[in-house]
Amino acid sequence: NAGVTQTPKFQVLKTGQSMTLQCAQDMNHNSMYWYRQDPGMGLRLIYYSASEGTTDKGEVPNGYNVSRLNKREFSLRLESAAPSQTSVYFCASSEAGGLNQPQHFGDGTRLSIL
Amino acid sequence: AQKVTQAQTEISVVEKEDVTLDCVYETRDTTYYLFWYKQPPSGELVFLIRRNSFDEQNEISGRYSWNFQKSTSSFNFTITASQVVDSAVYFCALSGGTSYGKLTFGQGTILTVHP
């Protein structure tokens, strides 16, 4: 059971470089999410996609873009990486719509920007 | 705006002790859901429980139990007879009526269980 798969698991970038984080889920979920986790701050929502073809901003969207390529895949792009974007990034998915569906998380991507 | 507060940053216990992790939330929504997730040292997040705002029954699952009190806006998590494998970061999260499934997380509580 793959669940939610994130690639890469680790990445080091230089300031100003661009990067796309990939996420794919095999649970036929409609909704997908990108979070970042910083020490002492829990997880914060960057962008989400309620269903294929839609995306929307979360709490901390600045400096990021997303693409919901199809139902399975939801990518996160850093156009010009900054040291403040050093973080652990988690992708998650959940069943169609609503408040009550638990989200299933990938293993995370640890991103360092020098 | 929604907010989740986990006031305990770190808790350290000895194996077999009981431990309670506190979670206090703020929301203006009348319909909302509360969640607990576990993040073991390996880094993934594991879903533990979901509770809706209309169901204040406590829940027990093995050594885990949850106490939801709407009057105090709290959703506390107790581990009975803790084990070393319980060592992890635990997150409380809230999904409210206007947020469409978007989770607001607390800061997390680092639980260390010593043998």
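Values below: all heavy atoms of this structure, side chains included; hydrogens, waters and symmetry mates excluded. First the proteins, then the strands, lettered A, B, ... as listed; each starts at 1.
- A distance of 7.0 Å separates OG1 of B/Thr104 from CD of A/Glu59, quoted to the nearest 0.5 Å.
- Both the backbone and the side chain of A/Leu43 come within less than 4.5 Å of a heavy atom in chain B.
- Between atom CG of residue B/Leu103 and atom OH of residue A/Tyr33 there is a gap of 7.0 Å, rounded to the nearest 0.5 Å.
- Aromatic pair B/Phe47/A/Phe105: centroids not less than 6.0 angstrom apart.
- A donor-acceptor pair is defined here as one N or O able to donate and one able to accept, closer than 3.5 Å; no such pair exists between the side chain of B/Tyr33 and the backbone of A/Gln101.
- Between A/Phe90 and B/Gln39, the shortest heavy-atom contact is CZ-NE2, 3.4 Å.
- Follow the hydrophobic side-chain contacts under 4.5 Å out from B/Ile11 and you reach B/Trp66 in the same cluster.
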Evaluate A/Gln103 against B/Tyr37 for side chain to side chain contact (heavy atoms under 4.5 Å, CB included), listing each step before the verdict. CA-CA 10 Å; A/Gln103 294 180 18; B/Tyr37 283 85; 3.7 Å; yes

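- Across B/Lys102 and A/Tyr48, no two heavy atoms sit closer than the pair CD-CE2, 3.1 Å.
- In this structure, chain B has a heavy atom under 4.5 Å from the side chain of A/Gln37, while its backbone stays farther away.
- Remark: A/Arg44 CZ is packed, more than 12 non-hydrogen atoms of other residues, nucleotides or ligands lying under 6.0 Å away.
- The number of heavy-atom neighbours closer than 6.0 Å to CD1 of B/Ile60, taken from other residues, nucleotides and ligands shown, is 12 or below.
- Put simply, B/Leu94 and B/Val24 are part of two different groups of oily side chains (I, L, V, M, F, W, Y) that touch within less than 4.5 Å, one to the next.
- The environment of B/Lys16 atom NZ is sparse: at most 12 non-hydrogen atoms of other residues, nucleotides or ligands sit within 6.0 angstrom.
- B/Val46 and B/Val19 fall into different hydrophobic clusters, where Ile, Leu, Val, Met, Phe, Trp and Tyr side chains are chained together by heavy-atom contacts under 4.5 Å.
- Follow the hydrophobic side-chain contacts under 4.5 Å out from B/Phe105 and you reach B/Val89 in the same cluster.
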